[in-house]
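Reviewing the structure listed below.
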Amino acid sequence: MEEMTKPRILNGIAIASEIKAEVAAEVQALVRRGIVPGLAVILVGEVPASQIYVRSKVKTCGELGIFSEMLTPPESITTTEMLALVSELNARDDIDGILIQLPLPKHVDTKRLLEAVSPDKDVDGFHPVNVGRLQSGQPGLAPCTPAGIMEILRRSNLPVAGQNAVVVGRSDIVGKPSAMMLVNASATVTICHSKTADLAKFTQSADILVAAIGRPGFVSADMVKPGATLIDVGINRITDSADVEEFFPGDAERAATLAKRGSVVVGDIHPAAFARAGAYTPVPGGVGALTIAMLMQNTVTAAKLRRGISTEKR
Ligand code: GUN
């Protein structure tokens, strides 16, 4: 048995609290100048998961002193009507950030809508202009989850420059922007995905491994380099007691959660892999906790950028 030190758990909830406190202070400084940052959230139809996320976003705005407005058009809204809504929000001076909660109903043209949001109010960082700004290192708005990953690494004093970073997953929301931010921070970055041949060969070389695939426990212990930093972006629900026992053997607490709630949350990294890590983000309580904090930060950044106020941190 090889000698291993206990892995460090990267507490996303604590880091998110720290960021929210800093954002609240920034909001107060703006309020003293007569500026109240404002976020508009569009939630279409009645998708339970989206309703939970949006409620949480609106609640956090309130806690930080950010004005928020929730728009809840029915599932039947057309692309044209949505475009009109976005256009109104683009024109409003009291709105600094516009967030269209995804996924949208199938009949709505998501791409067209994301491109209709003013890049300066695009707090999700999904607009092609902000994608371009991120890749060319210009000031702009970057996607919240990848930005949260970078904050976890930075605030935990984990080195990035010169490290081998492997991102598993190539989504526009997480995988690609995470890879871009890591390369901007001077990591050597590899993006792997469902078509990657010999995935383990790549993941085993990773000093920093970001898993954003959306499959429960996909990254197994043997795929991980001992001592690596593991960043688990996955939030998957398992409902089968055999699966719960496979991921969390002998875990009475999780067995009880399954009995009570009907599901247990597991990330994209198998819990057995965490034991080999130098540091890792737990699920829940890791990366997920950062996403809303970074949305709040982006809203304040948008409020400042739009008014030509410096966004430099001291
Ligand atoms: N749905 C799931 N994740 C996200 C996100 O980061 N932003 C938006 N707008 N919708 C989402």
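This structure is a prediction, so every number in the text was calculated from the model and none was measured. Both counts, for ligands and for their atoms, begin at 1 and track the order of listing.
At least one side-chain heavy atom of Val123 sits less than 4.5 Å from a side-chain heavy atom of Leu39. Proximity of Ile95 to Phe67: side-chain heavy atoms (C-beta onward) are separated by under 4.5 Å at one or more points. Proximity of Asp94 to Val36: side-chain heavy atoms (C-beta onward) are nowhere separated by under 4.5 Å. No side-chain heavy atom of Gln297 sits less than 4.5 Å from a side-chain heavy atom of Glu151.
Under the 4.0 angstrom criterion, atom 3 (N) of ligand 1 counts as lacking any protein heavy-atom contact.
Taking only nitrogen or oxygen atoms, main chain and side chain alike, Thr291 does not reach within less than 3.5 Å of ligand 1. Geometrically, ligand 1 and Gln101 share a nitrogen or oxygen pair separated by less than 3.5 Å.
Side-chain contact of Ser220 with Asp222: a donor-acceptor pair under 3.5 Å is present, judged by distance alone.
Ion pairing of Glu63 with Lys59 is present here, as a side-chain N (NZ or NE/NH1/NH2) and a carboxylate O approach within less than 4.0 Å.
Summary of contacts: the protein heavy atom closest to atom 1 (N) of ligand 1 is Leu102 O, 3.0 Å.
Of the heavy atoms in Asp124, only side-chain atoms (C-beta onward) come closer than 4.0 Å to ligand 1.
Of all atoms in ligand 1, listed by their number and element, those nearer than 4.0 Å to a heavy atom of Ile100 are 8 (C), 9 (N). Near Leu99, meaning under 4.0 Å from any of its heavy atoms, are these atoms of ligand 1: 9 (N).
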